[in-house]
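All ligand and atom numbering here is 1-based and tracks the order in the structure. Just so you know, residue 1 is the first one in the sequence shown, and it goes up from there.
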Amino acid sequence: MSNPEVSIVIPLYNEEDVFHTLISRLQELKKTLSFSAEFVLIDDGSSDGTARLMSDLALSDKSFHCIFLSRNYGHQLAVSAGLQHARGTEAVMIMDGDLQDPPELLISFRNKLLEGYDVIYAVRKNRKESFAKRLVYKMYYRLQRSVSNFNIPIDSGDFSMLSRRVVDHLNTMPEQSRYLRGMRSWVGFKQLGFEYDRDVRAAGNSNYSIKKLLELGFNGIFNFSEFPVRFITRLGLISIVTALIYLAYTLFKSIMFGGVPAGFTALIFAITLFSGVQLISLGLIGEYVLRIYNQVRNRPLYIVAKRIVDKDEVNG
Ligand code: UDP
Ligand code: MG
């Protein structure tokens, strides 16, 4: 069988409740497509019947390409496994298995791809989730944006379509803690946000525990920002400046008016000053750690989008 034009990567973790609904919706969608497509399902070490349902399906319908991970690695790694195995020659779409992301957007995404975009990412217009969850997400995305080294779009998740060359670049990024939506914007090229309404889960419960969400959140901040380290250094500077102001103020007060208790000033001054010195030292060590981190993370230095050689245009 020759390779399909588009792959749709779907990670599944304990999704037996939604499985049949998902598959029939995908099969319906496939009938309407004017291009060839494969569905890459990744079983992320499910402990329910998901894996069995997947094997049965893969044997009966060849448009499903099923991959079974040895244990639960988490959503980001499951999607990364899907990207590695997707054979789509033109593009790969990533979506969740719980039908919160409407698979039918595949067609609109591909139209944008044909218009020349390399990355089309879905932006949630509104979330049909609890107020508290929405608030936390909103605050998180703003915080992340304000500390990030470059622009990671707000309110976009992993639901997206990536051109073949973007997938190839992502596959060469060997970083261990993966925050795909950050890596996706890091890659560059022409990117487009596509607004949509995010549905509620079709069935079953969210598999993203608070712990997994926090982990993802920290990856989003620490993998794409030097802010935490710089913040320590700044705090140290503030501490030293405060110590000096305090010293000057107390000296002034004692010369002009007297009555400042002996020893107290020196103690406060010394504590504040040396706390500052220690914070700055930590920040300095942090700068080296950052450099080591950047080096071992081993991302490519840059990505070439296009070259023109001997008047011929060559895509990167
Ligand atoms: N998922 C996964 N591994 C996990 C957790 C989730 O592959 O450890 C999959 C899950 O099956 C679903 C997608 O990731 O297809 C999104 O998960 P979920 O709906 O639980 O997250 P939420 O939408 O609540 O953020
Ligand atoms: Mg979900």
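In D44, the part holding a heavy atom less than 4.0 Å from any atom of ligand 1 is the side chain. Contacts of E15 with ligand 1, taken as heavy-atom pairs under 4.0 Å, involve the side chain alone. At a heavy-atom cutoff of 4.0 Å, ligand 1 is contacted by no atom of N14, backbone or side chain.
Nearest to atom 1 (N) of ligand 1 among the protein's heavy atoms is Y13 CB, 3.7 Å. Counting only heavy atoms of the protein, atom 14 (O) of ligand 1 lies nearest to H75 CD2, 3.0 Å. Among all non-hydrogen protein atoms, the one lying nearest atom 8 (O) of ligand 1 is K212 NZ, 2.7 Å. The protein atom (non-hydrogen) at minimum distance from atom 24 (O) of ligand 1 is S206 OG, 2.7 Å. Here the protein heavy atom with the shortest distance to atom 20 (O) of ligand 1 is N207 N, 2.5 Å.
For F159 and Y196, the gap between ring centers is short of 6.0 Å.
Proximity to Y208 (heavy-atom distance under 4.0 Å) selects the following atoms of ligand 1: 17 (O), 20 (O), 21 (O), 25 (O).
Note on R201 versus E15: salt bridge recorded, some NZ/NE/NH1/NH2 to OD/OE distance being below 4.0 Å.
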* Asked: Hey, mind stepping through H75 and Y208 against ring-ring contact (aromatic ring centres under 6.0 Å, His included) and telling me if it holds?
  -> CA-CA 8 Å; H75 174 244; Y208 248 104; 5.5 Å; yes
Decide yes or no on salt bridge (charged side-chain N to carboxylate O under 4.0 Å, His left out) for R25 and E28, but give the supporting numbers first. CA-CA 5 Å; R25 197 138 149 211; E28 280 309 306; over 6 Å; no
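Taking a 4.0 Å cut-off on heavy atoms, M95 fails to register as neighbouring ligand 1.
Here the angle at the Mg ion (ligand 2) defined by OE1 in Q100 and OD2 in D98 stands at 100°, rounded to 10 degrees.
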